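Input: a single structure, listed below in C-alpha cells.
Bear in mind that the values here come from a model prediction, so they are computed numbers and not experimental data. Each chain gets a letter, A, B and so on, in the order the sequences are listed, and its residues count up from 1.
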Amino acid sequence: MIEAIGLTKRYGAKTAVYNLSFQVRPGVVTGFLGPNGSGKSTTMRMILGLDRPTAGSVTIGGHPFPQLPNAPRQVGALLDAKAVHGGRSARNHLLSLAQLAGIPAQRVDEVLGVVGLQEVARQRSKGFSLGMGQRLGIAAALLGDPQVLLFDEPVNGLDPEGILWVRNLMRKLASEGRTVFVSSHLMSEMALTADHLIVIGRGQLLADMPVREFIAANSAGFARVRTPEGEPEQREKLTAALTEAGGQVLSEPDGALRVAGLPLPRISDLAHGADVRLWELSPHQASLEEAYMRLTQGAVDYRSTDDRLAHLQAPPQPGQPGYGQPPQPVIPEVPQQGWYAPPPPGQNPYASPQPSDTPKDAR
Amino acid sequence: MAAASAVLRSEWTKIRTVSSTVWTLASALLVTVAMSAALCALMRSTFDDLSEVERATFDPTFVSFSGMMLGQLAMVVFGVLVVGTEYSSGMIRTSLAAVPQRAAFLFSKIAVAGALALAVGLATSFLSFFLGQALLGEHRTSIGEENVLRAVVGGGLYMGLIAIFSMGVAAMLRSSTLSLGILVPFFFLISQILSAVPKAKEVARYFPDQAGSRIMQVVPDALGSEKAPYGPWGGLGIMLVWVAAALLGGWLVLKRRDA
C-alpha cells in the first residue's frame, strides 16, 4: 500500500505537485493519469525517495522508502526505460541490481525470459529500441518479486503485442495481491488496464475513484439515429417528435442524429408513431478519452496551436493555378468507442473526394 | 538496508561490465609506462647535457615516473566516468531506488573503483620503475636503495588518489562532460603552467597533483625543482585532504539533491 499525504514539490517558483493525497491499495491496478508535465513522474520519484518532497510525506507499507528494509525485495520500479548504462549488457545490468538485494543470478535469467529478452540478454543495451528498453525496465522491476510495483509509462514505445502483454502482466500482478501503480497519459489504455484511477493535472488531484465510477460519472450515453438518405422531411419529422418527447437532438456531420435523454426503445416507438423509417439506431457512450480531456482541460501545460505556416507560404493569389486552398474533405465525427453502421456503398466518408468534386484551380 | 557486501558486489559487477573501465585503466598503465620509458632512454643519452644542479639532484626514480603526467589523465577519465555515467545514463535513479542509503551507494562505488585504480596504479608504478631503471643504464638506482620503495609505492598511491579525487569531483558536478572539462585542463595545463609562474607557484604547490607527486621523489627537490615547504608524506597528506574534501562535497551533493 502506498500512501501520500499532502505531497507537495516545488522547483523554484514552479510547483510541480501540490497537496496530493491518495492511497494505492493492493490487489488492484491503480492507474495514475495526467497530461504531460502534470507531475506524475515527480510523484513517482518522491514515492521512491529520489526527490525530497517540499511538504507532506509518502510511505510504502507505512515506511518512508529510504527506511524500508531491503527495498529492492519490497518495491520494484520502472521509472525511465533509458536509464541504463548503454555499454552494459541487459543481463549484466540486471545482475548488478540483483546482487544489491541478494537475489541469485538464476532469477536474472528468469525475468529475462518473462519479458522476452533472453535472445538479446548479452547485447549492449545501447542498441535497444524503446520497446526493448521498456521490457528491460520491467524486468528490473520484477527482479525482487516485490509486493509493490511502480511503472512510469510502461507502454511507451511498445508494439500492440507488447501493450497487450503489459496490460495482462499488470492485471496478473494485481490479482496476486500486489500493489500496482501505473502512470500513463493515455486514458484509453488505463480504461482497459486499471481498476482504480488517480487523475492529476498541474500537480493537483482531479479524481480518485474506481474506473467504473469514473466512466459512469464522466461519460454521458446517447443514441445515434439515422433516417433514410435523401428524405430530409423524414429527418425533420423525427427531430420534431423526439424534441417534443423531451430528447436533446443534435445533428451529426454525416446527417445522422445524436439523441440524448431518451432510451433507445422510446426513440424507436416515437419513430414508429411518427411513421419514420430508421436506418440506424445504436447506443453510444461518450468516450473516456473525451471525459478525461474535459477533466484536464484547464490543466494542460503544453497546448498545441495550429501551424499556420504564415511566413513560409506565399499568400494565395486568386485565379492563379496551384496555390489555391485544396478543398478540405469533410471528416465526419466518428464516435471514439463502439460501433456504428457503415455508410451505404458509394458514400464512404473516408474515401478521397471524387475527381468531379475537385475545383478547377486545384488541378 | 542493503548489506554493504551486496552493494560492493553490485558495484564491482557494474565496473567490470563496461568497456570504458578496461580502456581507461589500460591506457593509464600503457601511456605512463611507455612515456616514462621513452623519457628514461632520452635522459640517459642526454645526461651529459644536463646542468650542474640537475646532475647533482638527478633522481632516477622520479625520472622513471615522468610519464605519469600524461597517464594520470586516463585515471582522471576513469574516475569521472565511473561516477558520471550514472548521471548521464539516468542509471542513478535505478541505483538509488535499489539502494536508498545514498552514502552506502556512493562510498561503495568509490571503494570498489578506488581499490581498482590503486591496484592498477601500483602495477603501473612498479612497471614504470623497473623498465625505466633498465633503460637508464649507469644512472640507474635499485629498489633496495633508501626511500626508493617508498617512492614507487607512492607513485601507485598517487595514481589511485587522482582517480578517487576525480570521482569526488564528478559526484559534486553530477556530469561527466563538465567534470572532464574542468579536471583535464586543470591537471594537464593549469597546474603545470602555474607551477612555472613566480608568484602563482607558491599556491600551485598546494594543488593535489603538485603536492602528491612529491612522494615519488627520492632526492629532495629533484632535478633542480623548487624547494617545497613539506616533505614527501606531507605532500601526500595535502593530496589526501583534497581527496577527502572532494568526497565530502560529492556526498553532500548526493545527499541533498534530488536524483
Subject >> Nearest-0.5 Å distance that lies between atom NE2 in A:H85 and atom CG in B:L81 >> reply: 7.5 Å
Subject >> Non-hydrogen atoms of A:G87 and B:V18 that approach each other most closely >> reply: C-CG1, 4.4 Å
**OP:** List the atom of A:A71, the atom of B:A97, and the distance in Å for their closest heavy-atom pair.
**Re:** CB-O, 4.4 Å
**OP:** Kindly compute the distance separating CG (B:L96) from CG (A:L50), expressed to the nearest 0.5 Å.
**Re:** 6.0 Å
Original post:
Does the distance from a Lys or Arg side-chain N to an Asp or Glu carboxylate O, for B:R93 and A:D80, drop under 4.0 Å?
Top reply: yes
Original post:
At a heavy-atom separation under 4.5 Å, does B:R102 approach chain A through its side chain, its backbone, both, or neither?
Top reply: side chain
**OP:** Just grab all the salt bridge (Lys or Arg N to Asp or Glu O under 4.0 Å) pairs involving residues 240-249 of chain B, residues at least two apart or on different chains.
**Re:** none
**OP:** With a 4.5 angstrom heavy-atom cut-off, could you sort out which part of A:K9 is near chain B: side chain, backbone, both or neither?
**Re:** side chain
Original post:
From A:L79 CG over to B:T94 OG1, what is the distance, rounded to the nearest 0.5 angstrom?
Top reply: 7.0 Å
Original post:
When rounded to the nearest 0.5 angstrom, what distance separates CE in B:M91 from CZ in A:R88?
Top reply: 5.5 Å
**OP:** Please name the pair of heavy atoms, one in A:R124 and one in B:S19, separated by the smallest distance, quoted to 0.1 Å.
**Re:** NH2-OG, 3.4 Å
Subject >> Sidechain-backbone polar pair: A:R52 side chain, B:R256 backbone, donor-acceptor under 3.5 Å >> reply: yes
**OP:** Check whether A:R73 gets within reach of chain B through its side chain, its backbone, both or neither, counting any heavy atom under 4.5 Å.
**Re:** neither
Subject >> Flag if over 12 foreign heavy atoms under 6.0 Å of OH, A:Y18 >> reply: no
Subject >> CZ/B:F126: more than 12 non-hydrogen atoms of other groups inside 6.0 Å >> reply: yes
Original post:
Is it the backbone or the side chain of A:R45 that comes under 4.5 Å from a heavy atom of chain B, or both, or neither?
Top reply: side chain
Original post:
Nearest 0.5 Å, what's the CG-CZ distance between A:N92 and B:R16?
Top reply: 6.0 Å
Original post:
How far does OG of A:S96 sit from CZ of B:R9, to the nearest 0.5 angstrom?
Top reply: 11.5 Å
**OP:** Measure the shortest side-chain to side-chain distance between A:Q67 and B:P100 over non-hydrogen atoms and say whether it is less than 4.5 angstrom.
**Re:** no
